[in-house]
Each structure stands twice: as C-alpha cells, then as structure tokens.
Amino acid sequence: MSTNDTPLPANFIRQIIANDLNTNKHNGRVATRFPPEPNGYLHIGHAKSICLNFGMALENNGTCNLRFDDTNPEKESDEYVQSIMRDVQWLGFSWSELRHASDYFEQLYDYAIQLVERGLAYVDSLSAEEIRAYRGTLTEAGKESPDRNRPIAENLNLFRRMRAGEFDEGQYVLRAKIDMASPNINMRDPAIYRIRRVHHQRTGDAWCIYPMYDYTHCISDALENITHSLCTLEFEDHRPLYDWVLDQLQTPSHPQQIEFARLQLEYTIVSKRKLNLLVTEKHVNGWDDPRMPTLAGLRRAGVTPKAIRDFCERIGLTKQNSWIEMGVLEYCIREDLNENALRVMAVLEPLRVVITNYPDGQVENLEVSNHPQRPELGKRTVPFSKVILIEQDDFSENPPPKYKRLVVSEEVRLRGSYVIRCDSVIKNEAGEVIEIHCSYDPGTLGKNPEGRKVKGVIHWVSEAHALPAEVRLYNRLFTVPQPDNEANFLDALNPHSLETLTACRVEASLAQATTVQRYQFERTGYFCLDAVDGINGGLVFNRTVTLRDGWVKD
RNA sequence: UGGGUCGUCGCCAAGCGGUAAGGCACGGGGUUUUGAUCUCCGCAUACCAAGGUUCGAAUCCUUGCGACCCAGCCA
C-alpha cells in the first residue's frame with residue numbers, strides 16, 4: 001500500500017480526521033481498529049471497513065489494530081479467526097496490534113463492579129421475555145424492573161455469584177441503570193452481562209458470564225486509545241450508550257464513534273447469516289466459492305487485492321445508504337487485470353478447422369507477445385499446424401449483422417498467425433457443423449494482405465499441441481439487484497451462476513500455469529488457475545470477469 | 001408531535017453563501033492482428049418540494065414530502 005501519488009478523494013471522515021489533526025485533538029495521533037466478530041468469513045462489505053480503518057491509519061501515520069469482537073462464544077470459532085487474519089493480510093494490510101475483546105474480560109468485569117458499586121448497574125432477575133415486555137415500544141416508555149432498586153450490596157453479591165457460576169443461563173442479567181423512559185430504546189437499561197455456559201474459542205471455560213457488545217466495544221476502544229472508532233450506520237443509535245459507559249468510568253481515553261454507510265452491492269448479499277446459509281445448505285461450494293462475495297471467494301475467483309482496494313476508494317464514503325452497481329467492481333477488476341494479466345489463447349468450445357493447403361506434419365513455432373501494450377512482459381512460442389481449433393461462436397453460417405468473424409468464403413485473421421479463408425463446411429447427420437475446411441494465405445504472417453481488408457481476428461490453438469482444460473464460467477449469484485428484498489432470497493439464486501466447460505483446449509504454454517499468475521484468455525475474459533482443483537490433476541481455470549463487450553448486437 | 005440518520009445526473013459522489021468536480025454506466029468519433037485496451041467528444045439552466053433570508057442559495061431559515069435504522073440476555 002504505498003500509493004500516495006494521486007490526491008485522495010474527499011470524504012467526511014477524512015475531513016474529521018484532518019480537522020482533529022489541525023486542532024491537535026489527540027496530540028496528533030490517529031488510532032483506528034478493525035473489529036470483526038469471528039462468526040463468519042470476511043466479505044466485500046468488510047473490505048470497505050478494512051480499507052477505511054487501515055487506510056486512515058496509513059494516510060496519517062497512525063495505527064490500526066485488528067481486534068476480534070469475541071464476546072458471543074456461541075457463534076464464534078477459531079476457523080473464522082484464522083480466515084479473518086489471512087484475508088486482512090491478503091488484502092494488503094498489517095495490523096499494529098492483534099487484540100481480542102476477550103483480552104479485556106477481567107478489566108471489563110472490574111469496570112462492571114464499579115458501575116454496580118456506584119449504583120449505575122443492577123442485577124435483574126426478570127426473564128428475557130419479561131425484559132422485553134418491560135422495555136416498552138417505539139412510542140411508549142418502558143417501565144422499571146422490580147429489581148431496579150436492589151441494594152448495591154445485593155447487586156455486588158449476585159454479580160459475583162454470576163461470575164462464580166452459581167446460576168443458570170438466563171437466571172440473572174446485569175443491566176446498566178440509565179432511563180427506562182428514554183426515547184432511545186438502547187438507553188432503556190440495556191443488558192451488559194449475560195450468563196452463558198459456553199466454551200469460548202479463546203478463553204475456554206474461564207468465564208460463564210460474557211459482556212455485551214455495547215458495553216464491551218467502547219471500553220475496548222478506550223483501552224486501546226483508539227481515536228476514531230469507525231462503524232456502520234446501524235450503530236448510530238448506540239452512540240449515546242457508547243458515550244454513557246465511557247462517561248461513567250475512568251478509562252484511559254474516550255474515543256469518538258463515527259458512523260458511515262455500509263456497502264450494498266447489487267446482485268449479491270453481504271449478510272453473514274445468509275452467506276452462512278448458502279454454505280451450509282450447499283447452494284455454493286464453501287465460503288471460498290468464487291461466486292461468493294467473500295474475500296476468500298473473490299480471491300479464488302482471481303480478483304486481486306489491488307482491485308478491491310481501488311473499488312473501496314472509488315465507491316466513496318458517506319452516510320447515505322446507497323447501492324453500488326456491479327459494474328463498478330468489474331471495472332476495477334478489469335483495470336488491474338488488463339494491465340497485469342498475461343495474454344494467452346484458449347478455446348472454450350472447440351470447432352475443428354483443417355487448413356487444407358498447409359503442409360501435413362509441419363509445425364511453425366510462432367512468437368506471440370504476452371501483452372500488446374507491455375513488450376517488457378516478453379513473448380512466448382505458440383505452435384501452429386494444419387489442424388487447429390477455434391471457438392464455435394467464431395464461425396457462423398448465418399451471421400448476424402456486423403459479424404466480424406469467420407463465415408463461408410470470407411477471411412479472418414488468426415491472432416498472431418495467418419489469414420485464413422473458409423472454403424467448406426462439414427456437417428454430421430444432425431446437420432451440425434463439426435469441422436470446417438479453410439485455406440491460409442502464406443503471405444500474411446506478421447503483415448496484412450495487400451488490396452483487401454480483413455475484418456476480424458479470432459483466437460485459436462493447435463489441436464495437436466493444445467492442452468485439455470476445464471473452465472468454470474461464473475456469473476452473478478442472484479438474478480435480481482437486491483436479493484434481500486425478496487420474500488426468500490434463495491428464490492433469487494441464479495441457476496446459471498456456474499457453467500462448467502470440460503472440453504476446453506488451451507495453448508501449450510499454460511502447462512506452466514501457476515495460481516498466482518493471472519491470464520487473459522484473449523477475446524473471452526480474465527482467468528486464473530483454480531487454487532484448489534487446478535493444481536493437482538488437470539488444468540482448471542476460473543473466469544474472474546469477462547472482457548468488456550462493446551459489440552452491440554442488433 | 002417516539003428517537004436517530006439521509007435526500008445533488010441511470011449508479012456512486014464532490015460541493016461547506018459567489019453562480020453544479022470526478023468516476024462508473026451510456027451514446028458517438030479515432031487508433032488497434034483482442035468487437036479488449038488506449039484516445040477524443042457528448043451526457044444535471046440544475047441540486048426531494050414549496051416558501052423565505054440575501055446583490056447572490058445545492059449550500060442559511062421555515063414548512064412539507066420521501067427513504068433507511070432501532071423494541072436480542074446478537075454484533
């Protein structure tokens with residue numbers, strides 16, 4: 001992450017931070033944190049937050065911690081912890097310090113004792129259902145729990161016994177004593193500790209009471225001396241509680257919570273619960289399925305970290321909820337891949353072409369550029385011979401208007417090779433074209449024929465030299481822009497989100513393909529070797545994104 | 001008359017009282033041995049609406065309208 005050549009676009013958080021720096025609000029310090037709960041894999045929406053938090057720190061010579069918000073052991077696991085660390089690093093960021101909310105359990109408990117001692121928290125014996133009933137509604141004030149005025153000594157005793165494991169789950173809860181009539185429901189004596197007899201992926205069985213998010217997050221931020229606590233809009237209503245907790249306690253600092261709109265990307269979902277469902281119900285093949293908007297999925301699809309970072313910068317940062325079109329992400333992916341992917345030829349749905357006037361058994365090793373705009377990326381050798389394979393789509397007996405490919409009696413350029421003319425068509429009993437016969441113009445290698453214009457260029461591979469490969473074409477996972485708005489988002493799954501082509505033939509140079517290299521299959525799209533299935537056995541390629549297609553068909 | 005937040009081009013988004021940046025998408029021209037890339041041009045008399053303040057308003061005020069979030073012992 002070094003790019004500081006172009007001026008960074010303005011956004012309200014950059015402005016706040018710049019202003020704080022000018023007024024020396026935090027002695028020139030900028031400290032952020034990325035606080036995921038390890039209850040699922042990171043997705044493109046998290047990328048926005050990661051780029052924001054790490055980005056602000058980097059831009060201002062500050063720090064950014066990775067902090068796991070691990071206060072609900074029921075949903076959390078080490079698998080998620082590991083995947084999150086891997087994904088953050090893959091995106092290109094390094095955390096200043098690795099922390100866990102669970103690191104603070106003891107301090108959090110001590111602070112809670114303080115609240116109890118000062119009459120600012122009480123142990124409630126109401127059941128979850130009763131608490132809900134007592135909470136009131138959006139338009140009516142709540143009413144106070146009978147336990148709200150329990151003597152401090154009794155609260156202290158009960159809370160200590162909660163920790164000691166003397167009670168059952170749900171029997172008691174520790175609540176902040178704020179205001180049951182507050183128009184902000186979050187302030188109506190929120191629960192701050194509950195009893196959970198659950199093994200914690202990190203603290204094991206050391207605790208049977210766990211602090212709630214609202215209570216934990218602000219204190220964790222304060223303990224880490226975070227200056228700007230950036231979170232999404234839905235926490236806006238929680239800010240008064242964030243501030244209340246810190247106002248009551250003598251914490252090392254009082255960070256400023258600032259909310260921004262989360263990413264909403266068309267034709268996908270970023271709800272961890274729903275992504276989890278797709279995985280567990282096997283609508284996709286795991287968290288890293290290339291159709292998933294997870295970082296693991298995007299990575300496996302061949303999307304680069306740079307493209308994602310660029311995307312996160314381009315979409316802007318505001319408090320408006322907005323929907324980003326998929327085209328923006330695709331543009332960012334293509335921009336990076338266009339510059340860096342090596343060009344190769346691959347025929348996805350082959351059609352046999354015999355070049356009748358080409359000598360039997362002759363093979364020419366043609367030198368072809370790896371990148372038309374970047375000669376420094378070198379050349380490779382592509383064998384040419386009498387029988388080649390072209391794309392079925394690149395030949396037509398009944399071409400649509402403005403068709404620029406191969407048709408009977410017309411010519412087409414074979415990329416990096418000769419100009420050929422289609423002389424005849426061979427069909428099977430069903431009337432399907434199974435082979436075509438062409439003749440080549442020996443004078444057209446590396447130069448245009450004289451006196452005529454060849455309208456199209458198509459890609460090809462030599463039948464005898466090509467390698468068999470499987471190619472997986474990924475399309476958008478959903479058929480509607482906002483699957484979340486459907487009665488059942490599963491109904492909007494695109495049945496054609498994955499098309500597997502098994503009869504593909506790719507040029508011989510791909511025998512050396514690696515999973516780190518990105519390729520452009522000329523004229524068809526950007527691909528990468530599948531990191532799971534493409535390394536042992538045969539070649540398996542994933543389509544990262546198609547090439548932009550400017551051909552307006554009538 | 002519950003609270004909070006937000007309304008600038010099809011989608012994002014600058015703008016912070018001095019007369020509507022930019023990107024994506026889209027349309028058109030040029031280059032091209034990828035219908036790619038690259039490149040040039042076009043694309044809001046207009047800022048949710050209506051009033052008001054002002055020499056001057058997307059920016060300030062008032063009143064409406066619309067959208068989103070909140071009633072987990074989730075985060």
Side-chain angles (χ1 to χ4, degrees), chain A residues 9-11 15 35-37 39 69-72 74-76 124 126-129 131-133 135-142 169-175 182-188 190-196 210 212-214 216-217 231-240 259 261 266 272-273 313-332 334-335 338-339 343 345 368-369 371-373 402-405 412-417 419 444 446-448 454-459 481 520-525 546-553:
Chain A
N11 68 49
Q15 286 181 1
E37 182 189 11
N39 66 345
D69 233 327
D70 53 351
T71 58
N72 185 2
E74 287 171 287
K75 297 180 178 174
E76 299 157 5
D124 200 346
L126 250 31
S127 68
E129 300 71 46
I131 285 181
R132 186 174 338 134
R135 188 153 33 224
T137 68
L138 293 177
T139 54
E140 299 166 83
E169 284 193 9
Q171 195 173 343
Y172 287 108
V173 69
L174 184 70
R175 289 229 256 169
S182 172
N184 182 340
I185 290 186
N186 294 303
M187 300 298 271
R188 318 238 262 230
I192 58 178
Y193 264 93
R194 76 284 216 190
I195 299 171
R196 279 287 173 281
Y210 292 95
M212 301 286 289
Y213 166 85
D214 284 311
T216 307
H217 202 84
C231 63
T232 44
L233 248 31
E234 66 269 28
F235 292 106
E236 215 152 18
D237 288 344
H238 297 239
R239 186 166 12 118
E259 311 84 13
E266 288 188 343
K272 276 198 214 174
R273 202 198 100 242
E313 193 60 68
R314 271 171 194 276
I315 58 177
L317 187 75
T318 67
K319 300 187 73 149
Q320 289 165 228
N321 357 22
S322 53
W323 285 85
I324 307 297
E325 293 177 340
M326 201 43 115
V328 181
L329 212 211
E330 292 180 346
Y331 176 87
C332 295
R334 290 188 185 112
E335 188 174 55
N338 173 55
E339 188 180 337
R343 272 57 172 174
M345 291 194 283
V368 182
S369 175
H371 191 117
Q373 283 84 36
K402 298 181 186 157
Y403 191 72
K404 289 169 61 174
R405 311 173 190 181
V412 77
R413 157 74 64 183
L414 292 178
R415 173 108 244 233
S417 178
V419 169
T444 56
K447 54 178 180 251
N448 286 128
V454 176
K455 59 185 184 300
V457 180
I458 64 174
H459 59 278
Q520 183 195 104
F521 288 0
E522 290 212 48
R523 302 205 312 126
T524 100
T546 61
L547 246 32
R548 189 159 162 267
D549 186 2
W551 185 29
V552 281
K553 297 157 182 120

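Note that the structure is a prediction, hence the values are computed from the model and not measured. Letters A, B, ... are given to chains in the order of the sequence lines, protein chains preceding strands, and every chain is numbered from 1.
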Check your understanding: Do A:R194 side-chain atoms and A:G170 backbone N/O form a donor-acceptor pair below 3.5 Å?
Key ->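 Not a single qualifying donor-acceptor pair exists.
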
Review point. Is there a donor-acceptor pair closer than 3.5 Å between any side-chain N or O of A:N184 and the backbone N or O of A:D237?
Key: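 Side chain of A:N184 to backbone of A:D237: a pair is present.
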
Practice item. Evaluate the ring planes of A:H238 and A:Y213, with Trp represented by its six-membered ring, and classify them as parallel (under 30°), tilted (30 to 60°) or perpendicular (over 60°). Key: perpendicular

How is [X] classified with respect to the nucleic acid when contacts are heavy atoms under 4.0 Å: base, sugar-phosphate, or nothing?
{"X": "A:K447", "result": "base"}
{"X": "A:L547", "result": "base"}
{"X": "A:I131", "result": "base"}
{"X": "A:F521", "result": "nothing"}
{"X": "A:E140", "result": "nothing"}
{"X": "A:S322", "result": "sugar-phosphate"}
{"X": "A:E325", "result": "base"}
{"X": "A:L138", "result": "base"}
{"X": "A:G170", "result": "base"}
{"X": "A:D237", "result": "base"}
{"X": "A:A191", "result": "sugar-phosphate"}
{"X": "A:F235", "result": "base"}
{"X": "A:E259", "result": "nothing"}
{"X": "A:P372", "result": "base"}

Nucleotide opposite [N] in a Watson-Crick or G-U pair, distances under 3.5 Å:
{"N": "B:rC60", "answer": "B:rG52"}
{"N": "B:rU31", "answer": "none"}
{"N": "B:rC9", "answer": "none"}
{"N": "B:rC43", "answer": "none"}
{"N": "B:rA71", "answer": "none"}

So, is [X] near the phosphate of [N], with a side-chain N or O under 4.0 Å from OP1 or OP2?
{"X": "A:R239", "N": "B:rC69", "value": "no"}
{"X": "A:T71", "N": "B:rA75", "value": "yes"}
{"X": "A:T137", "N": "B:rA71", "value": "no"}
{"X": "A:R334", "N": "B:rA36", "value": "no"}
{"X": "A:Q320", "N": "B:rG7", "value": "yes"}
{"X": "A:R135", "N": "B:rG2", "value": "no"}

Say we look at [N] and [M]: how far apart would their [atom1] atoms be, to the nearest angstrom?
{"N": "B:rC69", "M": "B:rC9", "atom1": "C1'", "value": "27 Å"}
{"N": "B:rA14", "M": "B:rC47", "atom1": "C1'", "value": "13 Å"}
{"N": "B:rC61", "M": "B:rU54", "atom1": "P", "value": "16 Å"}
{"N": "B:rA13", "M": "B:rU8", "atom1": "C1'", "value": "9 Å"}
{"N": "B:rG30", "M": "B:rA36", "atom1": "P", "value": "13 Å"}
{"N": "B:rA44", "M": "B:rG15", "atom1": "C1'", "value": "14 Å"}
{"N": "B:rG17", "M": "B:rC26", "atom1": "P", "value": "37 Å"}
{"N": "B:rC11", "M": "B:rC68", "atom1": "P", "value": "15 Å"}

Counting side-chain heavy atoms from CB outward, which of [options] is closest to [X]?
{"X": "A:R132", "options": "B:rA71, B:rC68, B:rC74", "value": "B:rA71"}
{"X": "A:A10", "options": "B:rA14, B:rC73, B:rU34", "value": "B:rA14"}
{"X": "A:P183", "options": "B:rC74, B:rG23, B:rG3", "value": "B:rG3"}
{"X": "A:R548", "options": "B:rU34, B:rU37, B:rG23", "value": "B:rU37"}
{"X": "A:E236", "options": "B:rG35, B:rG4, B:rA71", "value": "B:rG4"}
{"X": "A:N338", "options": "B:rA13, B:rU37, B:rC24", "value": "B:rU37"}
{"X": "A:T139", "options": "B:rG35, B:rA75, B:rG2", "value": "B:rG2"}

With a 3.5 Å cut-off and heavy atoms only, can you find an N or O donor on one side and an acceptor on the other between the side chain of [X] and the base of [N]?
{"X": "A:R405", "N": "B:rG35", "result": "yes"}
{"X": "A:R413", "N": "B:rU33", "result": "yes"}
{"X": "A:R343", "N": "B:rU34", "result": "yes"}
{"X": "A:Q373", "N": "B:rA36", "result": "yes"}

Atom-to-atom span, [atom1] of [X] to [atom2] of [N] - whole angstrom:
{"X": "A:I185", "N": "B:rG4", "atom1": "CD1", "atom2": "P", "answer": "13 Å"}
{"X": "A:E234", "N": "B:rC68", "atom1": "CD", "atom2": "P", "answer": "15 Å"}
{"X": "A:I458", "N": "B:rA36", "atom1": "CD1", "atom2": "P", "answer": "17 Å"}
{"X": "A:E522", "N": "B:rU37", "atom1": "CD", "atom2": "C1'", "answer": "11 Å"}
{"X": "A:K404", "N": "B:rU33", "atom1": "NZ", "atom2": "P", "answer": "11 Å"}
{"X": "A:E330", "N": "B:rC11", "atom1": "CD", "atom2": "P", "answer": "18 Å"}
{"X": "A:Y193", "N": "B:rA75", "atom1": "OH", "atom2": "P", "answer": "12 Å"}
{"X": "A:H459", "N": "B:rA36", "atom1": "NE2", "atom2": "P", "answer": "15 Å"}

Exercise for review: For residues A:K404 and A:K455, report the shortest heavy-atom separation together with the two atoms involved.
Suggested key: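 Heavy atoms of A:K404 and A:K455 come nearest at CE-O, 3.3 Å.
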
Point to revise | Heavy-atom pair with the smallest gap, counting every atom of A:T524 and A:H459 | key: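 Closest heavy-atom pair between A:T524 and A:H459: CG2-CE1, 3.8 Å.
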
Review point. Is B:rG72 in the syn range, within 90° of 0, or in the anti range?
Key: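 In terms of base orientation relative to the sugar, B:rG72 is syn.
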
**Study point:** Cationic N near anionic O, under 4.0 Å, A:K272 to A:E37
**Key:**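 No, no charged N to carboxylate O under 4.0 Å.
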
Check your understanding: If each of A:G327 and A:N448 is mapped to the nucleotide of RNA chain B with the nearest heavy atom, which maps nearer the 5' terminus, i.e. the 5' end?
Key ->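 This one resolves to A:G327.
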
**Study point:** Contact nearer the 5' end of RNA chain B, comparing A:H371 with A:Q171
**Key:** A:H371

Practice item. Using a 4.5 Å cut-off on heavy atoms from C-beta on, say whether the side chain of A:T444 contacts that of A:R413. Key: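 A side-chain contact exists here, since the closest heavy-atom pair is under 4.5 Å.
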
Point to revise | Under 5.5 Å and under 30°: A:W551 stacked on B:rG35 | key: yes

Review point. Is there a donor-acceptor contact under 3.5 Å linking the side chains of A:Q320 and A:S322?
Key: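 There is no such pair between these side chains.
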
